[in-house]
Amino acid sequence: MAAGAVAKFEESFAQWLGVKRAFAFWKGRVAMYAILRALGVGEDDEVILPGYTCVMDVNPIKYLGATPVYVDIEPITYNMDVGLLEEKITPKTKVIVAQHTYGYPCEMDAIMDIAGKHGIPVVEDCCLALGSKYKGKLCGTFGVAAYWSFQWNKPFTTGIGGMATANDRELAEKIEAFYREELVKPPPKASLMLAIQRIVYRLFIFPRTTALATSMFRWLTKKGVVVGSSTTCEFEPVMADDFFMGISAGQARAGLRQIKKIERNVEHRRKMRGLYEDILTEAGWNVPEIPDYMDPVLVRYPVRVADKERAIAEAPSKFIELGTWFECPLHPIETPMHLYGYHEGMCPVSERACREVVNLPTHPRANESTAKRSVEFVSEIGQASG
Ligand SMILES: Cc1ncc(COP(=O)(O)O)c(C=O)c1O
């Protein structure tokens with residue numbers, strides 16, 4: 001059992017979500033690892049996930065010796081195409097990961113039905129979907145467990161950070177056992193550096209400064225001066241000795257402050273989504289319709305542009321906060337995808353989305369003016385055809 005601020009953060013998060021237990025970790029990927037391990041994922045097992053994700057979401061599967069199996073996405077919500085799910089299930093399938101991409105909820109009824117029929121547990125990747133609902137129920141409450149990320153550009157941030165939530169007592173007990181016996185303590189130097197980075201973030205990072213700050217951050221990460229979101233070995237994929245790390249008290253305190261603001265954060269993101277839809281429609285964009293039974297709370301607003309490379313090249317000089325997720329089916333573009341069992345052509349709908357989609361800010365520091373400037377910018381580039 002964690003102590004002090006960490007325990008309070010875990011309890012408050014579990015209470016907000018309405019689940020039995022929550023366990024805080026250094027990053028979202030560590031939370032995912034803990035859940036998969038507790039579910040017994042190992043050599044010769046297969047884990048199904050969408051072929052439109054971050055490679056850090058595939059690493060825990062590889063670390064456990066299992067094989068990732070990629071399902072293509074559907075083009076509106078960028079989530080797993082449930083029509084393709086069942087054909088990917090084999091006797092080796094151990095877990096299905098339902099990733100709520102950008103904050104759009106997956107088709108949970110269909111996923112739970114198919115998984116139930118085959119007796120396979122569903123784990124929800126909620127790293128991009130804090131507060132999203134499917135048929136009135138919060139994402140993160142459908143599967144046996146869910147995991148969350150509190151990295152810089154996630155729904156709320158503790159610098160870096162993650163949470164595993166479980167509604168199944170037995171599973172929670174298994175996670176707790178690793179947590180108690182094996183969790184590595186965050187080094188004080190990294191915790192202090194992260195605290196400084198959080199202050200810099202609070203004071204200086206706004207939609208107009210993000211592009212410059214991001215390139216500085218990447219440069220400083222390479223020099224080893226700041227606590228980066230990923231290390232080089234994570235792209236190989238090699239599990240670092242200190243991978244299974246807990247969260248620091250400072251991160252937990254930052255998380256507790258954010259939990260108090262969740263409802264405001266969620267409401268703001270709903271409003272930003274509405275604004276983007278209106279402004280894009282006014283600017284002549286064809287805005288895809290999301291089914292009424294979904295209540296997405298978007299971490300970023302995705303749009304398909306005619307020339308993604310040009311958009312990425314021009315955004316910084318125009319002070320536009322443009323996101324590139326996902327640059328390839330296993331983001332980022334540098335990922336050696338063959339090492340992860342992904343080969344070109346496996347997920348064509350995803351590959352097209354990777355070529356076309358950029359994303360725009362919805363976070364609490366973005367406002368109507370941000371949305372207008374962002375839409376003006378992407379309108380200069382133009383909407384992808386078809
Ligand atoms: C969909 C998704 N899942 C999981 C992760 C891993 O989260 P973290 O960076 O906190 O390990 C990411 C990271 O960006 C992500 O985009």
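In listed order, ligands and their atoms are each counted from 1.
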Subject >> Side-chain heavy atoms of Ile48 within contact of Met80, under 4.5 Å >> reply: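 A side-chain contact exists here, since the closest heavy-atom pair is under 4.5 Å.
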Original post:
With side chains defined as the heavy atoms from C-beta onward, is the minimum distance between Tyr147 and Thr165 less than 4.5 Å?
Top reply: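 The answer is no, as the side chains (C-beta and beyond) never meet within the 4.5 Å cut-off.
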[atom]: nearest protein contact (heavy atom, Å):
atom: atom 5 (C) of ligand 1; value: Cys127 SG, 4.0 Å
atom: atom 2 (C) of ligand 1; value: Asp125 OD2, 3.5 Å
atom: atom 6 (C) of ligand 1; value: Arg29 N, 4.1 Å

**OP:** Compare Gly28, Pro60, Cys54 and give the one whose heavy atom is closest to atom 8 (P) of ligand 1.
**Re:**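 Minimum heavy-atom distance to atom 8 (P) of ligand 1 goes to Gly28.
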Original post:
Should you measure from each heavy atom of Gln99, which atoms of ligand 1 turn up under 4.0 Å away?
Top reply: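 Those atoms are 1 (C).
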Subject >> Under 4.0 Å to a heavy atom of Asp57 - the qualifying atoms of ligand 1, by number >> reply: 3 (N), 4 (C)
Classify the side-chain pair [X]/[Y] by whether it contains a donor and acceptor separated by less than 3.5 Å.
X: Thr281; Y: Asp278; answer: no
X: Trp285; Y: Glu277; answer: no
X: Glu351; Y: Tyr52; answer: no

**OP:** Answer yes or no for Gly161: is there a heavy-atom contact with ligand 1 below 4.0 Å?
**Re:** yes
Original post:
Among the heavy atoms of Lys154, does any lie under 4.0 Å from an atom of ligand 1?
Top reply: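 It does, in that a heavy atom of Lys154 comes within the 4.0 Å cut-off of ligand 1.
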Original post:
So which bit of His331 gets within less than 4.0 Å of ligand 1, heavy atoms only: side chain, backbone, both or neither?
Top reply: neither
Subject >> Distance flag, aromatic centroids of Tyr340 and Tyr70, threshold under 6.0 Å >> reply: no
**OP:** Kindly confirm or rule out an N or O of Ser149 lying under 3.5 angstrom from an N or O of ligand 1.
**Re:** yes
**OP:** Only counting residues at least two apart or in another chain, list the ones meeting side-chain contact (heavy atoms from CB on, under 4.5 Å) with Ile259.
**Re:** Phe9, Ser12, Phe13, Phe156, Ile262
